[in-house]
Amino acid sequence: MDCIFCKIIKGEIPSSKVYEDEEFIVIKDVNPQAPVHLLAIPKEHFASVAELNDERAVVVGKMMKKLAEIGGDNGLDDGFRIITNKGKHGCQSVSHLHLHLLGGRQLDEKMG
Ligand code: DGP
């Protein structure tokens, strides 16, 4: 499968990995939009939140928990944002579900 995140997970493409366990990885975004911009990516390939089932939802919950922990470890005491994009209107560019953690500056009030 020609998926850039699957290649990163397999180690075929280098990344700045900040966390890994048997279910997901956390890497630095190659095109950061905030001083801290991380991506949590499940090792199982599926396209987006529209393909969640109960088992995948548990993993995504663990990903959110880990991102919040990492945010605390990175001094994001004033807050941060966790988002996931889906499809064309959501501006999803990589069709492998991922969560963005953005922080380290005042983020825009408008999210659209
Ligand atoms: P989205 O637009 O929600 O699908 O976000 C995809 C993000 O993935 C985008 O912020 C840039 C990031 N990205 C794309 N290719 C790579 C890569 O090869 N390495 C890393 N670290 N991030 C990537």
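These numbers come from the heavy atoms of this one structure, side chains and all, not from hydrogens, waters or symmetry mates. The first residue of the sequence shown is numbered 1, and numbering continues consecutively from there. Remember, it's 1-based here, ligands and their atoms both numbered in the order they're listed.
The side-chain tip of K43 does not point at the ring of F24 from less than 6.0 angstrom away and within 45° of straight on.
A salt bridge links K7 with D2: the distance from a Lys NZ or Arg NE/NH1/NH2 to an Asp or Glu carboxylate oxygen falls below 4.0 Å.
Looking only at heavy atoms of the protein, atom 1 (P) of ligand 1 is closest to H98 NE2, 3.1 Å. Scanning the protein heavy atoms around atom 8 (O) of ligand 1, the nearest turns out to be F5 CZ, 3.5 Å. Annotation: atom 7 (C) of ligand 1 to nearest protein heavy atom, D29 OD2, 3.5 Å. When hydrogens are left out, the protein atom nearest atom 21 (N) of ligand 1 is K28 O, 2.8 Å; that is the closest non-hydrogen contact.
Between V49 and L97, the shortest heavy-atom distance links the atoms N-CD1, 3.3 Å. The two residues M63 and A40 have their closest heavy-atom pair at CE-O, 3.2 Å.
The atoms of ligand 1 that sit less than 4.0 Å from any heavy atom of S93 are 1 (P), 2 (O), 4 (O), 5 (O), 6 (C). For ligand 1 and N85, the ligand atoms under 4.0 Å from any heavy atom of the residue are 1 (P), 2 (O), 3 (O). Atoms of ligand 1 found under 4.0 Å from any heavy atom of L39 (numbered from 1 in listed order, with element): 8 (O), 12 (C), 22 (N).
The shell of residues lying under 4.0 angstrom from ligand 1, judged by heavy atoms, includes I8. At least one heavy atom of C91 sits closer than 4.0 Å to an atom of ligand 1.
Using cut-offs of 30° and 60° on the angle between ring planes, the pair H98 and F5 is perpendicular.
Contacts of C6 classified as side chain to side chain contact (heavy atoms under 4.5 Å, CB included), with partners at least two apart in sequence or in another chain: C3, H45, H96.
Contacts with ligand 1 closer than 4.0 Å are made by heavy atoms of both the backbone and the side chain of V30. Residue I4 touches ligand 1 through its side chain alone, judged by heavy-atom distances below 4.0 Å.
Taking the side chain as every heavy atom from C-beta outward, H100 and H37 approach each other to under 4.5 Å.
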